[in-house]
Amino acid sequence: MFQYNINELLELPNSLKGQNYSDEDIKQFQKLLYSLIIRFRQIINEKNQSISTIVEQIQQTIQYWEHRILNRLRSLARNNLSFSSYANKERIFLFQFEQIIEAYSEKQKLFQDETQDEILSSFLKQDLEIISKQCAVEIKYFDTHLPYRFKLFQESNRVSNQQKPIQKPNICILGLTKTGKSTLLNILINPENITISDNGNRKHFSTIDKQKGIQISQTCESETKSTFDREIDDFVFTDTPGFEDTDRENRLINQIKIFSQLQRSPQLIFLILIDGSKLCENKNELYSTIEHINLFFGDKLFESKLENFIIPVFNRLESNTMDYIKKIWNIQIEANCCNEKISYFLKAIKNRIDNQRYIQLLNASNFIDEIELKDLIQQKQKYQDQITQLINDNKISEQLGYLNKQAIQLQKQIDIKSNQSPQINYELLQGIKSNILDLSRQLQNEQIQQQAKIAFILELNAEMKESYDIILTYQDEICQCLLTQVTDVIINNLLNNHSRKVDDVINLCSLISNIIENYKSSENISVFAFFDQIIQQFINLFKNQILVMDLIDKLKSVNNLSQFINNGQKIQNISVQYLEDELELIKKSSTSLRFEVQQQIKKNWNIFFKTNKIG
């Protein structure tokens with residue numbers, strides 16, 4: 001726990017660029033933290049100490065350093081949000097001295113002889129050596145501030161670390177806020193979950209049962225709370241929250257989330273939402289959508305043949321709107337466009353229109369089935385026409401009373417129908433879904449035939465670029481240190497966990513050796529897949545190795561992002577020699593021990609038979 005708290009301090013910002021005051025507090029904080037780690041390692045490295053002495057010395061160290069570090073952090077918290085959690089803290093180190101000593105004492109009582117007590121001491125000795133090595137890494141790289149730099153990438157990439165590849169093509173829905181992305185997703189998920197509401201001004205789509213993570217918005221604020229993935233038929237549909245965020249920091253985080261999700265699929269299709277009613281009046285919103293797409297996905301998108309990747313979706317249309325859009329496209333929408341990338345995108349959309357590779361989504365009122373209501377209105381109108389004719393002809397008769405009575409009855413039915421929930425033409429909605437899926441399959445086949453691919457590029461801000469370059473310098477070395485830590489944890493457990501039989505230890509060593517051989521012989525097994533396979537054999541053991549697992553997560557975060565960064569470098573390979581050598585020693589010792597035990601058993605049986613024979 002003490003080392004975990006130190007790691008949290010190492011992850012804090014190492015400088016205060018752009019602040020209006022001296023960063024003397026930062027310098028003093030760093031100096032105190034470095035001294036604390038040095039002292040901690042000295043305590044751990046002292047030989048032949050009891051656990052009580054170690055705990056007591058750590059307690060004294062905390063009493064000396066904690067309030068000094070805390071004062072610096074409180075000072076920093078007054079001007080920097082990164083330190084705000086320390087503004088009112090009374091403690092930094094959650095070190096339970098009495099409980100540790102008590103727990104250790106209880107464990108010692110379980111052992112009845114000196115041999116077993118030596119086993120406990122051996123285990124502790126090995127554990128302290130592991131902690132000492134971890135401290136040595138912290139000291140060695142202290143001035144590079146690697147924990148903080150790793151944290152920058154880990155926080156922004158936490159979701160993608162848990163994602164696995166998918167075999168279905170990914171359809172990414174793009175559009176500005178309030179262009180109908182959520183409506184389209186809900187139609188795709190289940191057309192029969194759609195209803196039509198009337199807010200007084202116009203009819204609009206809404207849902208009967210709200211979908212988790214997504215709802216249809218009637219305001220200008222986005223209603224999609226987080227990145228949304230949904231498998232529908234042969235595809236995975238992805239919404240894009242934050243797509244139009246102009247803040248560079250937020251955009252980078254959103255890019256990482258969305259790029260990581262899209263990169264999992266073998267093929268990619270963009271559904272581009274275009275508000276048809278606004279396009280008839282002004283082309284600015286369409287231009288803005290294209291600019292946001294360019295800003296978000298980068299130049300690589302425009303280096304590709306866009307027609308292979310896009311399906312335009314024109315929504316909020318009346319029945320004749322699309323004809324008007326086609327008519328004005330060249331003379332108004334594309335005309336006088338001075339931006340080369342926007343012009344290129346517009347030509348790709350026009351190509352889709354000309355080849356009937358686009359979707360029309362009419363206004364909600366067009367999906368209301370009013371046939372029955374229209375029939376009632378027509379019948380009433382017939383009666384009204386007959387009544388008018390009789391009155392004009394001055395033919396006042398019983399027939400006039402009958403017709404008037406029928407017209408009144410029909411009006412009542414019309415009033416009832418008008419106040420009822422609208423009858424929705426679900427066949428039309430299902431047709432929208434089918435058209436999108438059919439066009440997507442066509443595009444998928446074309447991509448396969450033409451081997452069309454898109455690569456995404458992240459534009460890092462200055463701080464992250466500096467951090468990434470520094471991490472690249474050390475990542476292979478850090479990964480090698482990590483494997484050493486993992487090896488030490490495993491070997492210590494194999495040596496000192498006496499709940500295992502000797503044969504179990506030998507089999508486990510053989511299993512790990514096979515994993516190592518597979519990793520060495522296959523180019524398709526990444527370093528992190530290798531770590532996962534090893535750790536899976538000791539899953540409960542590594543649940544308590546918080547710092548080891550955290551470092552794996554940090555390295556994996558940077559490694560995942562490298563595929564989206566110009567000149568990005570992944571961790572290629574690490575030497576597993578140390579792990580192999582240690583496993584070999586364990587196997588030899590265990591095999592030798594098994595042989596000795598077998599010989600002793602054989603000897604005891606011989607003595608037993610001789611004794612019985614004499615008897």
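Across R316 and N363, no two heavy atoms sit closer than the pair CA-OD1, 3.0 Å. Nearest heavy-atom pair across K181 and L174 is CD-C, 4.0 Å. The nearest pair of heavy atoms linking K554 to P147 is CE-O, 3.8 Å. Among all heavy-atom pairs drawn from L346 and I333, the shortest one is CD1-O, 3.9 Å. Among all heavy-atom pairs drawn from I349 and P312, the shortest one is CG2-CG, 3.9 Å. Counting all heavy atoms, side chain and backbone alike, F153 lies closest to S557 at O-CB, 3.9 Å.
A side-chain donor-acceptor contact under 3.5 Å links Q447 to the backbone of L268. Listed for the Y426 side chain is a donor-acceptor partner under 3.5 Å among the backbone atoms of I194. Proximity of a side-chain donor or acceptor of K283 to a complementary backbone N or O of Q332 within less than 3.5 Å is detected. At least one donor-acceptor pair under 3.5 Å links the side chain of S434 to the backbone N or O of Q430.
Note: Q444 CD to L437 CG = 11.0 Å, rounded to the nearest 0.5 Å. Between atom CD of residue E291 and atom OG1 of residue T289 there is a gap of 9.0 Å, rounded to the nearest 0.5 Å. Separating the CD atom in Q379 from the CD atom in Q406 is a distance of 9.5 Å, to the nearest 0.5 Å. Rounded to the nearest 0.5 angstrom, I232 CD1 and I436 CD1 are separated by 9.0 Å. Distance check: S440 OG to F237 CZ gives 5.5 Å after rounding to the nearest 0.5 Å. Of the inter-residue distances, the one linking L12 atom CG with Y148 atom OH reads 9.5 Å to the nearest 0.5 angstrom.
Between V558 and I571 there is no side-chain heavy-atom pair separated by less than 4.5 Å. Between V236 and I171 the shortest side-chain heavy-atom distance does not fall below 4.5 Å. Residues Q154 and D550 meet the side-chain proximity criterion, which asks for heavy atoms closer than 4.5 Å. Between I311 and I269, some side-chain heavy-atom pair lies under the 4.5 Å cut-off. By the 4.5 Å heavy-atom criterion applied to side chains, I539 and Q536 are counted as neighbours. For the pair P13/F83, a side-chain contact is recorded, criterion being any heavy-atom separation below 4.5 Å from C-beta on. The shortest distance between side-chain heavy atoms of I272 and I173 does not fall below 4.5 Å. Looking at heavy atoms from C-beta onward, N404 lies in side-chain contact with I408 at the 4.5 angstrom threshold.
Just one residue in the list Y287, Y344, F345 forms a side-chain contact (heavy atoms from CB on, under 4.5 Å) with C337, and that residue is Y287. No option in D354, N355, I353 other than N355 meets the side-chain contact (heavy atoms from CB on, under 4.5 Å) test with R357.
Counted by atom type alone, Q267 and N170 present zero donor-acceptor pairs between their side chains at under 3.5 Å. In this structure, a donor-acceptor pair under 3.5 Å is absent between the side chains of T207 and N193. With hydrogens and angles left out, the side-chain atoms of K380 and Q411 include a donor and acceptor closer than 3.5 Å. A donor-acceptor pair shorter than 3.5 Å cannot be found between the side chains of N559 and Q475.
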Can you give each donor-acceptor pair under 3.5 Å made by side-chain atoms of residues 323-331, sequence neighbours left out, with the distance rounded to 0.1 Å?
from: K326; atom 1: NZ; to: Y358; atom 2: OH; distance (Å): 3.1
from: W329; atom 1: NE1; to: E334; atom 2: OE2; distance (Å): 2.8

Q) Would F309 and F270 satisfy ring pair (Phe, Tyr, Trp, His ring centres under 6.0 Å), going step by step from the backbone distance to the final call? A) CA-CA 6 Å; F309 298 96; F270 292 104; 7.3 Å; no

**Q.** Stepwise side-chain contact (heavy atoms from CB on, under 4.5 Å) check, S277 with T321
**A.** CA-CA 7 Å; S277 62; T321 308; 5.9 Å; no

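Aromatic ring orientation, F528 versus F531: tilted (interplanar angle from 30° to 60°).
For E446 and R441, the salt-bridge test fails: no basic side-chain N is under 4.0 Å from an acidic carboxylate O. Using a 4.0 Å cut-off between charged nitrogen and carboxylate oxygen, E307 and R352 do not count as a salt-bridge pair. Of the charged side-chain nitrogens involved, none lies within less than 4.0 Å of a carboxylate oxygen, so that K382 and D385 do not count as a salt-bridged pair. Salt-bridge annotation for K168 and D234: absent, with no side-chain N of the basic residue lying under 4.0 Å from a carboxylate O of the acidic one.
Under the 6.0 Å distance and 45° angle rule, K89 counts as a cation-pi partner of Y86.
Surrounding CD of E192 are at most 12 heavy atoms belonging to other residues, nucleotides or ligands under 6.0 Å away. Counting heavy-atom neighbours within 6.0 Å of D438 CG, excluding the residue itself, gives a total above 12. Surrounding CD of Q450 are more than 12 heavy atoms belonging to other residues, nucleotides or ligands, all under 6.0 Å away.
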